[in-house]
Amino acid sequence: MKRKPKLGQNFLVDDRARHSIVDALGDIRQRTVIEIGPGRGAITEILAARAGRLIALELDRELAPALAQRFATQPNVQIVEIDVLKADLTALIPAGETTDVVGNLPYYITSDILLKLFSAGAAGLLSRAVVMMQREVAERVSARPGVRDYGLLSATAQMNARVDYLFTLPPSAFSPPPEVYSSVLRMDFAPRFAELQVDPRGFDTFLKQSFAQKRKTLENNLRAAGYSSPDLAALWPDTVPRQARAESLTLETMAELYRSLRHLSS
Ligand code: SAM
């Protein structure tokens with residue numbers, strides 16, 4: 001069996017891809033950009049030449065100081081040796097500004113990083129993210145309701161951002177090659193909570209309850225979460241099919257249902 005590289009270290013060696021990733025951020029001359037996991041600097045090198053300011057977060061105790069030395073003469077570049085999941089993004093971003101995020105993500109913590117980005121996006125800290133992840137995860141994040149891959153991750157992502165699937169790379173674009181294909185997504189943060197008239201925390205919980213078990217109908221998942229049958233019967237909107245699964249409903253419909261049931265959940 002192949003040994004998994006430590007810290008998800010599959011370094012990008014495809015020159016065109018690293019340029020395409022930075023290009024997808026758009027004009028960053030006046031922007032602060034946070035890079036997650038700069039590694040050996042494949043993407044960092046291009047960012048450093050283009051970004052107004054670059055803050056790169058690297059956990060590896062050897063790679064972080066090597067990068068700091070390499071970019072020491074570039075005053076717009078800051079390398080921080082830190083676990084991205086423990087980093088306080090509010091402390092890194094100047095008050096009142098938004099930042100962009102980029103990264104060829106370490107796959108072993110992709111979901112946790114995405115959740116962190118969604119909550120920073122909901123808090124108004126982020127503008128855009130261009131991130132590479134395992135293809136299967138990218139397909140789930142970008143799936144539309146009614147298709148096989150649509151689920152809680154898609155709904156959560158799409159409540160917080162417009163998601164564009166940009167391109168896919170084969171294992172040979174990396175060294176060492178991972179066992180999976182990788183895809184790049186662009187996420188433009190535009191939280192939809194106010195537009196859909198739902199409170200973020202309550203609606204996040206409602207989505208988790210609604211998608212709890214894929215085999216079950218939405219109504220059965222809600223019953224399992226503690227909603228009573230008579231309440232559900234009395235308050236279920238006519239516009240939502242009673243046998244529907246959460247996977248088939250748009251966010252507009254989920255929000256309509258949540259608004260009808262909202263006072264029951266507290
Ligand atoms: N950006 C480089 C590239 O494209 O070649 C490296 C990408 S590699 C897939 C992921 C990088 O994330 C590695 O450099 C790894 O050390 C770093 N990393 C892993 N876990 C991390 C964490 N919790 N916080 C910050 N960086 C992490």
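Both counts, for ligands and for their atoms, begin at 1 and track the order of listing.
Of the N and O atoms on the side chains of Arg192 and Gln158, not one donor lies less than 3.5 Å from an acceptor on the other residue.
Scanning all heavy atoms of the two residues, the minimum distance from Thr32 to Glu97 falls at OG1-OE1, 3.6 Å. In this structure, Asp149 and Ser154 approach most closely via the heavy-atom pair O-OG, 3.6 Å. Considering every non-hydrogen atom in both Ser172 and Val13, the closest pair reads O-CG2, 4.1 Å.
Under the 4.0 Å criterion applied to side-chain N and carboxylate O atoms, Glu219 and Arg242 are assigned as salt-bridge partners.
Taking the six-membered ring for Trp and thresholds of 30 and 60 degrees, Phe203 and Phe193 have ring planes more than 60 degrees apart, a perpendicular arrangement.
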Report every pair formed by an N or O atom of ligand 1 and a protein N or O atom separated by less than 3.5 Å, giving atom names and the distance to 0.1 Å.
| from | atom 1 | to | atom 2 | distance (Å) |
| --- | --- | --- | --- | --- |
| ligand 1 | 1 (N) | Gly37 | O | 2.8 |
| ligand 1 | 1 (N) | Pro38 | O | 3.3 |
| ligand 1 | 4 (O) | Asn104 | ND2 | 2.9 |
| ligand 1 | 5 (O) | Leu12 | N | 2.8 |
| ligand 1 | 14 (O) | Gly39 | N | 3.4 |
| ligand 1 | 14 (O) | Glu58 | OE1 | 2.8 |
| ligand 1 | 16 (O) | Gln9 | NE2 | 2.8 |
| ligand 1 | 16 (O) | Glu58 | OE2 | 2.6 |
| ligand 1 | 20 (N) | Tyr108 | OH | 2.9 |
| ligand 1 | 23 (N) | Asp83 | OD1 | 2.9 |
| ligand 1 | 24 (N) | Val84 | N | 2.9 |
| ligand 1 | 26 (N) | Leu59 | N | 3.3 |

